[in-house]
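Have a look at the structure below, then the notes.
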2 protein chains.
Amino acid sequence: MNMKYKTVIVDDHPIVISGIAGLLSDLNDIEIVEKFESGIALLDYIEDNKVDLILMDIFLPVINGVDLCKTIKQKHPKIVILGMSSQSERSLVMQFIQNGGNGYILKNASFDEFKECIYKAIDGEIVFSEEVKTIISQPLSEDLERIPGLSRRERDIALLLSQGKSTQEIADDLFLSFLTVQTHRRNILQKYKMKNVAELIAFLLKNNMLN
Amino acid sequence: MNMKYKTVIVDDHPIVISGIAGLLSDLNDIEIVEKFESGIALLDYIEDNKVDLILMDIFLPVINGVDLCKTIKQKHPKIVILGMSSQSERSLVMQFIQNGGNGYILKNASFDEFKECIYKAIDGEIVFSEEVKTIISQPLSEDLERIPGLSRRERDIALLLSQGKSTQEIADDLFLSFLTVQTHRRNILQKYKMKNVAELIAFLLKNNMLN
DNA sequence: AAAAAAATACATTTTATCAGGTATTGACCT
DNA sequence: AGGTCAATACCTGATAAAATGTATTTTTTT
């Protein structure tokens, strides 16, 4: 049968769109049915047209790629969505996948890499281009290590703080003095040079230091 | 050449260890060199012995799989580490990958799935067994939807809050009255029934509602 | 054009946090 | 045996946040 995968490209740089379109034109079973420069236009389109595969830039005007992906997957879980960007960082890639993305490709990937990722994604895999793999699997060294860890007690207290507990409530929970908890809390804030608990919680969660 | 992949299994259930060992014994190029019931023993072992592949349970006594993986990858980034568990949830899998894991397999996966995942992981891919893919790519419906979103302004303010800014600082940043920011802040807290900003930030980050 | 939602602004009271300094005890490491 | 770190506890003053209530204007949606 001649059922091509109906593919849509979304990127706010027309040059990139044509580049990708050129790359994909060689593939017999991929048919580019539309190209968009914004996510809103795409959302309208997929309501009325069958789409199998979407290649989208992550940095889009108005609505970003992560939210766009989330929105699409809610209504159309079967559409395969691959994210793209020129540069990237680990947390962004992970966020994209967590919101339903089927893979992530850096735009500097080779034609072969693009091709391979696309076919594997269609096949149900979750794919990353080489450089993305490097990014996500080497969070080590420079990225975010060298930060002193929380002590047991400090982690307990930080966890309760993230649950919205007040100093007094934490003291009651852990059978400690209000003043002890206050000291721990201050020590944690000082250790990471955070201005307040809100910033601290954001920091700890982003660095996987809670849980 | 006859270079087998030196493989280690870590699981606190001996029965599971022998089960996996049985599965893998059929594979010619995989050699199981050791089996451990705790992460500490594994850490000792890899200091003195060459290891290519580690299959580890995520739920381990003393040190959990995520931390264990992180620790190993810091010193030995080339070791391929696959996480396993009987049941799982999206956030745990993502955390494992973010900490250097090369893939995640649910223990109910078929022999073929295990085999395929292992070979692909050795080959440099990041792999998930079928059910894991389902879990991570369908966060929709029941999991975390039905929560009202932040308005633009609210998101701006929440973001600044997560950066440790005070109400006054936010007001200055956004050229708003102190009182306006105070109102927004209160509205956000009420909308999600959060006790304070710390809990709010934790909630927003966990649900990817910031950024 | 009407209704709903979002953004704006004000005022007050109570409660909690932040930042400063200090000190004792036990555990662990060498 | 001495040093370091973690955990515990206390005190106080300045500042900020939380809880309430109200109200106007703009924007968006229907």
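Throughout, a chain's letter reflects where its sequence line sits, starting with A, and its residues are numbered from 1.
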Check: For S177(B) and dC10(C), is the shortest distance between a side-chain N/O and OP1 or OP2 below 4.0 Å?
Finding: yes
Check: Can you tell if the side chain of R185(B) reaches within under 4.5 Å of the side chain of L161(B), non-hydrogen atoms only?
Finding: yes
Notebook entry, point to check: Counting only side-chain N and O atoms of S151(A), is one of them less than 4.0 Å from OP1 or OP2 of dA6(D)?
Noted result: no
Next item on the list: Step by step, work out the side-chain hydrogen bond (donor to acceptor under 3.5 Å, both in side chains) result for N102(B) and K133(A).
Entry: CA-CA 9 Å; N102(B) 299 80; K133(A) 276 185 228 170; over 6 Å; no
Next item on the list: May I have the distance from I157(B) (atom CD1) to dA7(C) (atom C1'), rounded to whole angstrom?
Entry: 9 Å
Next item on the list: Send over the distance from E169(A) CD to dT15(C) P, rounded to a whole Å.
Entry: 14 Å
Item checked: Pairwise 5' ranking along DNA chain D for R152(B) and V197(B), keeping only the more 5' one -> V197(B)
Check: For the helix from dA1(C)-dT30(D) to dC28(C)-dG3(D), what is the angle between the axes at its two ends, each from 5 pairs, rounded to 10°?
Finding: 80°
Item checked: I170(A) CD1 to dT8(D) C1', straight-line distance once rounded to whole Å -> 16 Å
Item checked: Nucleotide dT8(D), atom P - distance to CD of E154(A) in whole Å -> 10 Å
Checklist line | Nearest-0.5 Å distance that lies between atom OG1 in T167(A) and atom CZ in R186(A) | finding: 11.5 Å
Notebook entry, point to check: In whole Å, what is the span from the CG atom of D156(B) to the C1' atom of dA6(C)?
Noted result: 13 Å
Margin query: Between D172(B) and Q168(B), is the side-chain hydrogen bond (donor to acceptor under 3.5 Å, both in side chains) condition met? List the steps.
Written below: CA-CA 6 Å; D172(B) 294 344; Q168(B) 187 60 60; 3.2 Å; yes
Item checked: Sub-4.0 Å heavy-atom contacts from residues 178-188 of chain A onto DNA chain C, ordered by number -> Q182(A), R185(A), R186(A)
Next item on the list: Quickly work out the L176(B) CG to dA6(C) P distance and round it to whole Å.
Entry: 17 Å
Item checked: Interatomic distance, Q190(A) CD vs dG21(C) C1' [rounded to whole Å] -> 11 Å
Note to self: One thing to verify: whether K191(B) and E154(B) come together as a salt bridge, which I'm taking to mean a side-chain N less than 4.0 angstrom from a carboxylate O.
What the structure shows: yes
Margin query: I'd like to know if K107(A) and D11(A) make a salt bridge, using a cut-off of under 4.0 Å between side-chain N and carboxylate O.
Written below: yes
Check: Any idea which of dA17(D), dA7(C), dT8(D) is nearest the S166(B) side chain?
Finding: dA17(D)
Next item on the list: Find the distance between OG1 (T7(B)) and CD1 (I30(B)) and round it off to the nearest 0.5 Å.
Entry: 4.5 Å
Next item on the list: Salt-bridge test for K165(A) and E199(B): reply yes if a basic N is under 4.0 Å from a carboxylate O, no otherwise.
Entry: no
Margin query: Please tell me whether Y104(B) and F96(B) form a close aromatic pair, meaning their ring centres lie under 6.0 Å apart.
Written below: yes
Next item on the list: Measure from CG on L161(A) to C1' on dA17(D) and round the result to the nearest Å.
Entry: 15 Å
